[in-house]
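Labels below follow one simple rule: chain letters A, B, ... track the order of the sequence lines, proteins then strands, and each chain is numbered from 1.
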Number of protein chains: 2
Amino acid sequence: MEKFDDNLRQFAGYSMKRAMSLIQTDVNAALAPFELRMVTFSALVVIADNPGLKQAQLADALSIERPNLVLVVDELERRDLILRDRDPADRRAYALQVTLAGRRLRDRAMAAVQDHERRMTAGLTEDQRQALIAALRQIEENGKADDDSGKVSRA
Amino acid sequence: MEKFDDNLRQFAGYSMKRAMSLIQTDVNAALAPFELRMVTFSALVVIADNPGLKQAQLADALSIERPNLVLVVDELERRDLILRDRDPADRRAYALQVTLAGRRLRDRAMAAVQDHERRMTAGLTEDQRQALIAALRQIEENGKADDDSGKVSRA
DNA sequence: TATTGTTATACTCTATAACTATA
DNA sequence: TATAGTTATAGAGTATAACAATA
């Protein structure tokens, strides 16, 4: 049963949209006990791994627009998980730092997300999981290349 | 450069979100000449492949909520790409049918989406592309199973 | 002039409750 | 009472323009 969409299943994007929707639901449930969402978790991890990062750099790393990042950083700062140090060399910019509480929450959330990953990729071998991630990165590279060439030809 | 998010790259969901965002942009650009979006294209294809389908069945097949499907079907009907036949056996329901114009537009849009698929999966062998789709379907099954068990234990 | 962070805003996607007409 | 389609609405997520402070 449920083969109404057979013709769409030839497209990676179609299955990806469906898989992504379920992953989003599952990871948000996994992060709910920590009052984190996918984007706040991602920001927390990247800040912890890259002390002194500026907001613009973080937005670029996570591929989100700067205005949308402001509320994410606000939320992490309000909960004392990170702090906004002033960059002495450039007083416009913040140097983002994780706090001890932030590091501890990240560790617990990271374990929960790893559980989530194991749940969602159950039935795949580790090789298959790595091949999946590699294929997704290839698509990302292809998409970025198209994006760039579009920008260049428009410019 | 740009390895700020190395720690997040171990998660399929993280790379998937990034790949999906670029796919969405690219497929919408590919469908723009036909004034279709991903969801209207998908609905058109499934209706064409399953004449007489009811809206509730279509919503279920595409995993979108019934209220959100209404505007999608409205749009396709307004453009005379599909029509809403009344089901004589159940006067509450519509039997959705593709029109000749709808079939023709679907054919042209399908070719454009196949081009898009080739562009986005460039650099992958056909085996790798098929493995990607299989892995995504496995994740979808895992996510559905979790979803269901959640519902059961809550019920 | 250009850039950092910010505000305001708008548009899409998604989810739920409640209605109507039929069953 | 349950279901098909609909309406209204609210919440995310995402994108752009424009501003103040600083470079």
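- Rounded to an integer number of Å, the gap from CG of B:Leu69 to P of D:dG5 is 9 Å.
- For the residue pair B:Gln114 and A:Gln10, a side-chain donor N or O sits within less than 3.5 Å of a side-chain acceptor on the partner.
- The interatomic distance linking B:Leu22 (CG) with D:dT14 (C1') rounds to 14 Å, in whole Å.
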Every protein N/O lying under 3.5 Å from an N/O of nucleotides 9-13 of chain D:
residue	atom	partner	partner atom	Å
D:dG13	OP2	A:Arg37	NH1	2.5

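- When atom types are taken as modelled, the side chain of A:Thr99 and the backbone of A:Asp80 share a donor-acceptor pair closer than 3.5 angstrom.
- Here B:Glu65 lies in heavy-atom contact (under 4.0 Å) with a base.
- Under a 3.5 Å cut-off, the side chain of A:Gln57 and the backbone N or O of A:Lys54 do form a donor-acceptor pair.
- The distance from atom CZ of B:Arg66 to atom P of C:dC19 is 18 Å, rounded to the nearest whole Å.
- Between the C1' atom of C:dT14 and the CG atom of B:Leu62 lies a distance of 14 Å, rounded to the nearest Å.
- Remark: P of D:dG5 and CD1 of B:Ile64 are 12 Å apart, rounded to the nearest angstrom.
- Here the C1' atom of nucleotide D:dT6 and the CG atom of B:Leu71 are 10 Å apart, to the nearest Å.
- Using modelled atom types, one side-chain atom of A:Arg79 and one backbone atom of A:Glu35 make a donor-acceptor pair closer than 3.5 Å.
- Residues meeting the side-chain hydrogen bond (donor to acceptor under 3.5 Å, both in side chains) test with A:Asp90, sequence neighbours left out: A:Arg92.
- Although no hydrogens or angles enter the test, the distance criterion places a donor-acceptor pair under 3.5 Å between the side chain of A:Ser42 and the main chain of A:Met38.
- The separation between B:Gln55 atom CD and C:dA21 atom P is 17 Å, rounded to whole Å.
- Taking every heavy atom of residues 83-96 of chain A and every atom of DNA chain D, pairs under 4.0 Å involve A:Asp90, A:Arg91, A:Arg92, by number.
- Side chains of A:Leu96 and A:Asp85 form no contact here, defined as non-hydrogen atoms less than 4.5 Å apart.
- Side-chain contact between B:Asp49 and A:Asp6: absent, with no pair of heavy atoms (C-beta onward) separated by less than 4.5 Å.
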